[in-house]
Amino acid sequence: MIYDAALDSLLQRVWDGGRINLDEVRRLAALPLEELGALADRRRELHRRAAHGGKGEGIITYIVDRNVNYTNICNVYCKFCAFYRTEKDADSYVITTAEMDQKIEETIALGGTQILLQGGHHPKLTKQWYLDLLSHIRAKFPGFNVHGFSPSEFVAFSEFFNEPVEQILRDFTAAGLGSVPGGGGEILVDRVRKRIAPLKADSNQWMGVMDTAHQLGLASSATMMFGHVETFDDRLEHLEFVRNQQDKSLERVRNAERGARNWGATPIEHAAAYASALEAGELKGGAFTAFICWTFQPENAVLKAPTVGSHEYLKTQALSRIYLDNFPSVQSSWVTQGLDIGQVALKYGANDLGSIMIEENVVSSAGTTFRMTVPDMQRLIRDLGYEPRQRDNWYRLVN
Ligand code: SF4
């Protein structure tokens, strides 16, 4: 075999925790999957060393929450979506307060700490409807987090309410919104978005909402849905876009603190310092806490695409963990890949098994119906030799 000094040096830099560029991601993508997985696992270790009182390397977390889709009425008609309905459809709905209460009570009874609240882009729901819902939840269930509304929903709200996104975020937060999920990101490249979701927020609008949310001190997550019409380079462009935003958001948090803590010198250290501050309750947000990638579900009847299998999923997640050096956490995606691959993904860079998702409507509408319980989750984590721990949205351990 011919010795490749450049590759050797790249592998060493990845092992040591250095930053890599997109050309280097392309080089890593050609490695055998198990070698790539070992590098991603090493990066997971480096990220988690300082977490959870210095025990982060041996802990894999999960969250107990419920995915509540407050309406399925939507005027965006994404080509990959089997969930949306029009107002005329007999099975269209808007959630009632009583239904919401019941869902939250059931979630709390199962040890849940939050709801992931997302829905279709319903043009007739008023701003007051959302404010009333958030205020009601805060008053009735104090301490329970609403992780709510994807950036594309906020862009739609801005149009429906004729108000800037910033004002809506401020008012929603004052009423009870706690954090913002990264839904609707799909692939943040406009030529891709135009093909699969031409009426949805474009990539700059999506990221603009996240930037504003971070400026207001909210924590959020970033996602990538891949395996449809995008190319490998489109995925890389997506990763570059979110890494650049995270650099910007973390720098803003650091500057606002004016030297109050030691942030370290490298992006991994910046991410670790941010995660530690969140866990200690010294910060509420201001940046991305986690990255989650999942595969498009080809059972969907509208957009046809070849199935993306577990090899491609694990490779993409491993590359994401290595490239996104400024993200504290990477979440495994068992909802689209199944429990077994969700478990294996914990050896390919993920440090969190995500949510048990007491209720999930969007992926299951597209034909995928994997289910997980807390004992399942704990067993999957223990089988790998890690300690399973429940966390909240800010990665604070709750058990
Ligand atoms: S993915 Fe979301 S925005 Fe797109 S059609 Fe479905 S519900 Fe509407």
Side-chain angles (χ1 to χ4, degrees), residues 4 6-48 60 182 185-189 192 203 221-247 266-268 270-271 288-296 305-334 336-337 341-354:
D4 183 335
L7 179 60
D8 205 41
S9 154
L10 169 60
L11 297 183
Q12 189 62 52
R13 186 149 39 89
V14 172
W15 191 262
D16 293 342
R19 174 159 278 200
I20 65 168
N21 63 35
L22 290 181
D23 282 341
E24 290 168 333
V25 176
R26 291 185 186 94
R27 286 216 76 182
L28 295 181
L31 291 174
L33 184 61
E34 58 278 17
E35 280 183 39
L36 182 61
L39 290 170
D41 195 45
R42 163 73 177 169
R43 301 286 280 221
R44 177 196 59 76
E45 269 179 37
L46 294 176
H47 274 279
R48 303 310 292 167
I60 294 288
E186 338 302 3
I187 293 285
L188 292 166
V189 174
V192 175
S203 52
S221 53
T223 62
M224 178 168 78
M225 183 187 75
F226 68 98
H228 38 88
V229 305
E230 90 290 352
T231 63
F232 183 70
D233 276 355
D234 290 328
R235 291 180 207 167
L236 298 191
E237 194 172 326
H238 178 104
L239 294 180
E240 184 182 32
F241 197 37
V242 297
R243 190 172 83 170
N244 287 345
Q245 177 61 48
Q246 180 74 336
D247 276 344
T266 66
I268 288 184
H270 294 160
F288 292 119
T289 54
F291 178 76
I292 312 139
C293 63
W294 60 75
T295 49
F296 166 68
T307 303
V308 168
S310 52
H311 184 282
E312 189 67 12
Y313 164 67
L314 293 172
K315 177 173 143 183
T316 305
Q317 187 197 265
L319 291 171
S320 304
R321 173 63 293 179
I322 296 167
Y323 184 73
L324 297 177
D325 52 1
N326 53 7
F327 272 66
S329 282
V330 166
Q331 189 175 307
S332 147
S333 178
W334 61 266
T336 56
Q337 285 294 311
I341 295 300
Q343 179 192 43
V344 173
L346 298 174
K347 286 289 182 188
Y348 285 76
N351 58 277
D352 185 271
L353 204 44

Within the side chain of R235, is there an N or O that forms a donor-acceptor pair under 3.5 Å with the backbone of E230? no

Could you please spell out the steps behind the side-chain contact (heavy atoms from CB on, under 4.5 Å) verdict for V25 and I322? CA-CA 8 Å; V25 176; I322 296 167; over 6 Å; no

How about T289 and S329: do any of their side-chain heavy atoms sit closer than 4.5 Å? no

Using distance alone, with no hydrogens and no angle criterion, decide if S310 and Q337 have a side-chain donor and acceptor under 3.5 Å apart. no

For D247, which residues count as a side chain to side chain contact (heavy atoms under 4.5 Å, CB included) partner, sequence neighbours excluded? R19, N326

So, the side chain of S221 versus the backbone of A290: is there a donor-acceptor pair under 3.5 Å, distance only? no

Partners passing side chain to side chain donor-acceptor pair (under 3.5 Å) against R43 (at least two apart in sequence or in another chain): none

Test item: W334 side-chain N/O and L353 main-chain N/O as donor-acceptor pair under 3.5 Å: yes

Any donor and acceptor pair, going by atom type alone, linking the side chain of Q317 with main-chain N or O of L314 inside 3.5 Å? no

Using modelled atom types only, decide if a donor and an acceptor are shared between the side chain of Y313 and the backbone of S333 within a distance under 3.5 Å. yes

Pairwise side-chain contact, F288 with L324, heavy-atom cut-off 4.5 Å (strictly under): no

Looking at side-chain heavy atoms only, is the closest gap between Y348 and L33 below 4.5 Å? yes

Would you give the length of the straight line joining atom CZ of F291 to atom CG of L239, rounded to the nearest 0.5 angstrom? 5.0 Å

Minimum heavy-atom separation for A6 and R27, please, with both atom names. CB-NH1, 4.0 Å

Less than 4.0 angstrom from a charged side-chain N to a carboxylate O is my criterion; do R321 and D41 meet it? no

Measure the CZ-CD1 distance between R13 and I20 for me, rounded to the nearest 0.5 Å. 7.5 Å

The criterion is side chain to side chain contact (heavy atoms under 4.5 Å, CB included); which residues satisfy it with V189, sequence neighbours excluded? I187, R191, V192, D234, E237

Would the distance check show the side chain of D16 and the main-chain N or O of G18 forming a donor-acceptor pair, the cut-off being under 3.5 Å? no

